[in-house]
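The chain is numbered in sequence order, starting from 1.
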Amino acid sequence: MRILVGVKRVIDYAVKIRVANSRVVTENVKHSMNPFDEIAVEEAVRLKEKKHASEILAVSIGPTKSQETLRTALALGADKAFHVEVAENEEVQPLQVAKALKAIVEKEKPDLVLLGKQAIDDDSNQTGQMLAGLLGWPQATFASKVDLNGRDLTVTREVDGGLETVKSKLPAVVTVDLRLNEPRYASLPNIMKAKKKPLTKLTPAELGVDMTPRLQILEVSEPPKRSGGKKVGSVDELIEKLKNEAGVI
């Protein structure tokens, strides 16, 4: 069985986001693999260690520096990598990503696709669902536990009311949540080995995908700074301030 894992290069989760000229500043800012995608890679490696999978394919769609993210995935245990290269400042939206992944899936024939439930830069939470729809495959989102028994897939997923168990046959698309596992660190020997693992470069044109954005972002702004709190002496004073100052009642 082969597993395909999508990985995205994003601004590191520990970096404070800055906005200038109605856009997020990405220059001279530390980037890393999307945390949810790290969990997807870890789960693929664990499935391979349990002899459920024979090969792990990592895919990233982004500028040249996305190859660093792919090398990280290779160091963590992926066997091959595919880089769909786009221009440095080109916006890549979920539908285009899903179409590119669909083209690679149809070529490489994986049995299972693992994706992070969302990327922490745009928080779209759409790519996995769109990919499943385009492929006509079953999907299980927000996975907190994944079990395989031959071609039978059982996923425990997190929902508002608690946990839900979903069963399906392979092939399938699964998007992973934070509680699925804790990703390992890449060891130095594996980092060195990753440099020799195959990384195939592709273009959207080779995959037959038009990367033209369908959505337009009109404005990006930081949330307003919070003002200091106030103490009130009575309920009547609280109601008066909520009504006349805050305007919420």
Side-chain angles (χ1 to χ4, degrees), residues 1-8 34 36-48 50-62 70 73 77-84 92-119 122-159 163-181 200 202 204 206-211 214:
M1 187 182 82
R2 308 175 85 201
I3 300 176
L4 185 144
V5 185
V7 296
K8 184 178 183 181
N34 177 48
F36 290 102
D37 297 341
E38 284 189 72
I39 295 169
V41 173
E42 174 66 23
E43 191 64 21
V45 174
R46 293 187 184 192
L47 289 172
K48 184 179 178 182
K50 294 176 183 176
K51 309 300 182 184
H52 289 304
S54 58
E55 189 175 39
I56 300 171
L57 314 176
V59 180
S60 188
I61 300 156
L70 286 169
D79 301 292
K80 296 180 181 178
F82 297 86
H83 177 215
V84 182
V92 181
Q93 297 182 348
L95 180 59
Q96 283 70 36
V97 173
K99 288 181 176 180
L101 290 175
K102 174 179 180 286
I104 295 174
V105 166
E106 291 176 341
K107 179 180 179 182
E108 297 297 325
K109 301 290 192 293
D111 302 278
L112 177 64
V113 177
L114 291 176
L115 304 172
K117 72 170 185 177
Q118 65 194 72
D122 58 18
D123 282 329
S124 292
N125 182 21
Q126 295 174 344
T127 302
Q129 293 89 327
M130 288 178 171
L131 175 61
L134 291 171
L135 289 170
W137 286 10
Q139 61 176 293
T141 56
F142 316 138
S144 61
K145 184 178 180 182
V146 176
D147 289 315
L148 276 174
N149 183 15
R151 304 289 294 179
D152 295 322
L153 173 69
T154 303
V155 173
T156 302
R157 58 190 302 266
E158 297 187 356
V159 296
L163 299 175
E164 178 181 77
T165 300
V166 178
K167 293 184 178 181
S168 76
K169 296 285 187 180
L170 295 180
V173 177
V174 175
T175 70
V176 306
D177 214 333
L178 286 174
R179 293 170 187 78
L180 179 60
N181 60 53
T200 303
L202 301 167
E206 290 174 330
L207 298 175
V209 178
D210 180 9
M211 303 301 284
R214 302 238 181 155

*Taking Asp111 as the fixed residue, which of Arg151, Arg2, His52 is the one that meets the side-chain hydrogen bond (donor to acceptor under 3.5 Å, both in side chains) rule?*
Arg151
*Spacing of CG belonging to Leu207 relative to CD1 belonging to Ile61, to within rounding of 0.5 Å*: 8.0 Å
*Main-chain N/O of Thr156 paired with Thr165 side-chain donor or acceptor, under 3.5 Å*: no
_Residues Glu43, Asn181; criterion side chain to side chain donor-acceptor pair (under 3.5 Å); working and verdict_ = CA-CA 7 Å; Glu43 191 64 21; Asn181 60 53; 3.0 Å; yes
*Can you find a pair of side-chain heavy atoms, one from Leu4 and one from Val59, that are under 4.5 Å apart?*
yes
*For the residue pair Val41 and Val7, establish whether any side-chain heavy-atom pair is separated by less than 4.5 Å.*
yes
_What I'd like to find out is whether the side chain of Leu153 reaches to under 4.5 Å of the side chain of Asp147, using heavy atoms alone._
no
_Test your reading of the model: is there a side-chain donor-acceptor pair from Asp79 to the backbone of Ile56, 3.5 Å cut-off?_
yes
*Look at the side chain of Thr175 and the backbone N and O of Phe142, then say whether any donor-acceptor pair between them is shorter than 3.5 Å.*
yes
*Calculate, to the nearest 0.5 Å, the distance between atoms CG and CE belonging to Leu115 and Met130 respectively.*
13.0 Å
Taking distance alone, no hydrogens or angles, what donor-acceptor pairs closer than 3.5 Å link side-chain atoms of residues 92-107 to residues at least two apart or in another chain?
residue, atom, partner, partner atom, Å
Gln93, OE1, Arg214, N, 3.0
Gln93, OE1, Leu215, N, 3.1
Gln93, NE2, Glu91, OE2, 3.0
Gln93, NE2, Leu215, O, 2.8
Gln96, NE2, Thr212, O, 3.2
Lys102, NZ, Glu106, OE2, 2.7

*If only atom types and distance count, is the side chain of Asp37 paired as donor or acceptor with the main-chain N or O of Gly116 below 3.5 Å?*
yes
*Heavy atoms, side chains only, cut-off 4.5 Å: are Ile3 and Pro110 in contact?*
no
*How many angstroms lie between CG in Asn34 and NZ in Lys117, if you round to the nearest 0.5 Å?*
11.0 Å
*Beyond-backbone contact of Glu158 with Leu178, side-chain heavy atoms, under 4.5 angstrom*: no
_Whether Asp152 and Lys169 form a salt bridge (side-chain N of Lys/Arg under 4.0 Å from carboxylate O of Asp/Glu) is what I want to check._
yes
*Enter the distance from Lys80:NZ to Thr200:OG1 here, rounded to the nearest 0.5 Å.*
7.5 Å
_Closest non-hydrogen atom pair between Val174 and Ala143, with its separation_ = CG1-CB, 3.7 Å
*asked:* Which heavy atom of Val176 sits nearest to which heavy atom of Ala40, and what is that distance?
replied: CG2-N, 3.7 Å
*Do other residues, nucleotides or ligands put more than 12 heavy atoms under 6.0 Å from Arg179 CZ?*
no
*Could you tell me which residues satisfy salt bridge (Lys or Arg N to Asp or Glu O under 4.0 Å) with Lys8, sequence neighbours excluded, listed by chain and number?*
Asp121, Asp122
*Hey, are Gln118 and Asp123 close enough side-chain-wise for a donor-acceptor pair under 3.5 Å?*
yes
*asked:* Please check this pair: side chain of Ser54 against backbone of Met1, looking for a donor-acceptor N/O pair closer than 3.5 Å.
replied: yes
*Does the Arg157 side chain pair with the main chain of Thr141, one donor and one acceptor, at a distance under 3.5 Å?*
yes
_Are the side chains of Leu163 and Ser144 in contact, using a 4.5 Å heavy-atom criterion?_
yes
*asked:* For a 4.5 angstrom cut-off between non-hydrogen side-chain atoms, does Leu131 reach Val113?
replied: yes
*Report yes if the side chains of Val173 and Pro138 come closer than 4.5 Å at any heavy-atom pair, otherwise no.*
no
_Inter- and intrachain pairs under salt bridge (charged side-chain N to carboxylate O under 4.0 Å, His left out), touching residues 127-143, at least two apart_ = none
